[in-house]
Asks: 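Shown below is the structure under consideration.
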Amino acid sequence: MYADRMRLMPDTSPRVTNPRGRPRKDAEFAPTEKVMVAAIEAFSLHGYNGVSLRTLNEQLGVSRNLLYQRFGSKADLWRAAVDWAFRPLVEYLETADDESADPMIRLRMLIRNFIEYSATRPYLARIATMEGAAPTDRLNYLYHNYIGPIQSRFAPVFKQLRQQGRIKNIPTEIFYFQLTSGGSAPFGQIGLVSLMAPQLAPQEVNQVRLYAESVAEVLLNGISLPDSSRGERRQTPEKDIPSELL
């Protein structure tokens with residue numbers, strides 16, 4: 001079932017070129033794709049401190065030194081795995097974003113694209129939650145390279161909708177947490193979903209699409225202003241919002 005879900009969205013995971021020269025025998029049993037999947041799953045489930053290169057080597061069925069020889073350290077493996085997991089998400093959101101569309105339609109599509117992409121990659125939500133628990137160099141890396149760019153994709157749409165008087169004066173950060181920590185929660189908490197609401201477990205494209213549309217409906221209804229109040233809001237669309245949140 002997991003393999004089927006991985007085909008829901010296009011696989012744009014970065015490919016790493018194999019080094020020149022005769023490959024080690026271990027390399028035949030540990031292609032980069034396999035290593036990255038094992039690493040990101042391990043880090044997302046057990047946390048950075050709960051993962052050892054030796055255990056990963058054993059899981060991959062290779063010598064105990066292979067990952068150290070290939071990546072140099074656990075920290076370097078973590079960064080490589082995070083790049084492999086998050087870079088395609090940033091690129092997908094950018095490629096699929098129609099900047100010429102009506103901003104409300106554009107925001108709906110950004111929500112739907114984020115949800116649908118995350119549905120088949122539960123490690124994204126788990127890594128963000130795991131690393132977001134405390135300030136570390138790893139969190140700085142994740143935030144500046146991936147979380148920040150994702151958030152900046154939404155920010156100008158919010159600004160345009162405020163200027164048009166179409167949404168409430170809600171900081172984008174609140175919306176972002178509701179989308180990423182709330183909307184994608186079922187994908188990172190499969191165990192809880194199986195007990196609470198098995199129907200939310202992503203299994204096929206149409207089911208995920210319906211869920212994504214429901215999330216978009218909840219979020220957009222929560223921030224939208226009724227037509228009758230737009231004229232007044234259009235005059236002062238950013239009133240009472242701290243400047244650092246605009």
Side-chain angles (χ1 to χ4, degrees), residues 1-16 31-48 50-51 56 59-60 77-97 109-133 138-139 141-151 153-154 176-194 197-216 219:
M1 182 180 295
Y2 181 75
D4 291 338
R5 297 204 307 269
M6 287 296 286
R7 290 193 290 270
L8 179 62
M9 299 298 293
D11 183 5
T12 56
S13 303
R15 302 297 188 265
V16 179
T32 298
E33 190 83 0
K34 184 178 179 180
V35 171
M36 292 295 98
V37 170
I40 201 67
E41 283 288 334
F43 285 126
S44 71
L45 289 171
H46 307 297
Y48 182 82
V51 174
L56 274 176
Q59 179 182 336
L60 291 165
L77 174 61
W78 182 90
R79 282 189 290 271
V82 164
D83 290 342
W84 176 87
F86 281 85
R87 184 180 298 147
L89 169 59
V90 175
E91 293 174 349
Y92 177 72
L93 291 177
E94 179 179 1
T95 301
D97 185 15
M109 292 305 300
L110 282 169
I111 294 169
R112 199 175 81 180
N113 291 338
F114 181 88
I115 292 292
E116 292 183 353
Y117 192 94
S118 300
T120 56
R121 297 157 177 88
Y123 45 74
L124 294 169
R126 292 197 299 255
I127 282 284
T129 299
M130 191 81 69
E131 295 298 341
R138 296 190 308 277
L139 178 58
Y141 183 88
L142 181 62
Y143 178 79
H144 290 295
N145 287 283
Y146 301 110
I147 295 177
I150 292 172
Q151 186 181 9
R153 177 64 43 184
F154 287 82
Y176 183 85
F177 281 117
Q178 294 302 311
L179 170 62
T180 59
S181 298
S184 63
F187 315 135
Q189 303 178 42
I190 300 300
L192 179 58
V193 168
S194 66
Q199 72 276 11
L200 294 182
Q203 296 179 3
E204 51 92 28
V205 175
N206 290 334
Q207 181 176 335
V208 174
R209 174 63 54 83
L210 287 173
Y211 173 77
E213 288 288 356
S214 296
V215 172
L219 292 177

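Since we're looking at a predicted model, the values are computed, not measured.
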Asks: Side chain to side chain contact (heavy atoms under 4.5 Å, CB included) with Tyr117: which of Leu89, Leu93, Val208?
Replies: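 By the side chain to side chain contact (heavy atoms under 4.5 Å, CB included) criterion, Tyr117 pairs with just one of Leu89, Leu93, Val208: Leu89.
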
Asks: Identify the heavy atoms of Leu56 and Ala38 that sit nearest to each other, and give their distance.
Replies: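 Looking at all heavy atoms of both residues, the shortest contact is CD2-O, 3.8 Å.
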
Asks: Indicate yes or no for a side-chain donor-acceptor contact from Tyr143 to the backbone of Gly132 under 3.5 Å, with no hydrogens or angles considered.
Replies: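 No: the side chain of Tyr143 does not pair with the backbone of Gly132.
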
Asks: Output, in order, the C-alpha distance, side-chain angles, deciding distance and verdict of side chain to side chain contact (heavy atoms under 4.5 Å, CB included) for His46 and Met130.
Replies: CA-CA 9 Å; His46 307 297; Met130 191 81 69; over 6 Å; no

Asks: Start with the C-alpha distance between Glu131 and Trp78, add both sets of side-chain angles, then the distance that settles side chain to side chain contact (heavy atoms under 4.5 Å, CB included), and finish with yes or no.
Replies: CA-CA 11 Å; Glu131 295 298 341; Trp78 182 90; 3.3 Å; yes

Asks: Identify the two heavy atoms, one from Ala96 and one from Asn113, that lie closest to each other, and give their separation to 0.1 Å.
Replies: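 Scanning both residues, the minimum pair turns out to be CB-ND2, 3.5 Å.
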
Asks: How long is the straight-line distance from CD of Glu116 back to CE of Met109, given to the nearest 0.5 Å?
Replies: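 The CD atom of Glu116 is 7.5 Å from CE of Met109, to the nearest 0.5 Å.
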
Asks: Would the distance check show the side chain of Thr129 and the main-chain N or O of Arg126 forming a donor-acceptor pair, the cut-off being under 3.5 Å?
Replies: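 Looks like no, no N/O pair under 3.5 Å.
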
Asks: Might you point out which heavy atoms bring Pro149 and Val90 nearest each other, and give the distance in Å?
Replies: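 Closest heavy-atom pair between Pro149 and Val90: CB-CG1, 4.3 Å.
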
Asks: NE2/His144 to CG/Leu139 distance, rounded to the nearest 0.5 angstrom?
Replies: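 Atom-to-atom, His144:NE2 and Leu139:CG are 8.5 Å apart.
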
Asks: Picking from Leu110, Thr180, Val215, what satisfies side chain to side chain contact (heavy atoms under 4.5 Å, CB included) with Ile115?
Replies: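 Looking at Leu110, Thr180, Val215, the match for Ile115 under the side chain to side chain contact (heavy atoms under 4.5 Å, CB included) is Val215.
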
Asks: Considering non-hydrogen atoms only, spot the tightest contact between Ala85 and Tyr123 and give its length.
Replies: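 Heavy atoms only, the tightest pair is CB-CE1, 3.7 Å.
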
Asks: Taking it one step at a time, do Tyr176 and Ile147 satisfy side chain to side chain contact (heavy atoms under 4.5 Å, CB included)?
Replies: CA-CA 10 Å; Tyr176 183 85; Ile147 295 177; 3.4 Å; yes

Asks: Let me confirm one number: the OH-CD1 distance from Tyr92 to Ile150, rounded to the nearest 0.5 Å.
Replies: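 That separation rounds to 13.0 Å.
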
Asks: Could you grab the distance from atom CD1 of Ile127 to atom CD1 of Ile40, nearest 0.5 Å is fine?
Replies: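 These two atoms lie 4.0 Å from each other.
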
Asks: Has the side chain of Ser44 got a donor or acceptor atom that lies under 3.5 Å from a matching backbone atom of Glu41?
Replies: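 Checking the backbone N and O of Glu41 against the side chain of Ser44, a donor-acceptor pair under 3.5 Å is found.
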
Asks: If you round to the nearest 0.5 Å, how far is CG of Asp83 from CG of Asn145?
Replies: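 CG of Asp83 is found 7.0 Å from CG of Asn145.
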
Asks: How far apart are the C-alpha atoms of Trp84 and Val37, what are their side-chain angles, what is the distance that settles it, and do they pass the side chain to side chain contact (heavy atoms under 4.5 Å, CB included) test?
Replies: CA-CA 9 Å; Trp84 176 87; Val37 170; 3.6 Å; yes

Asks: Should Leu77 and Met36 count as side-chain neighbours, where that means a heavy-atom distance under 4.5 Å?
Replies: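 SC-SC contact between Leu77 and Met36 confirmed.
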
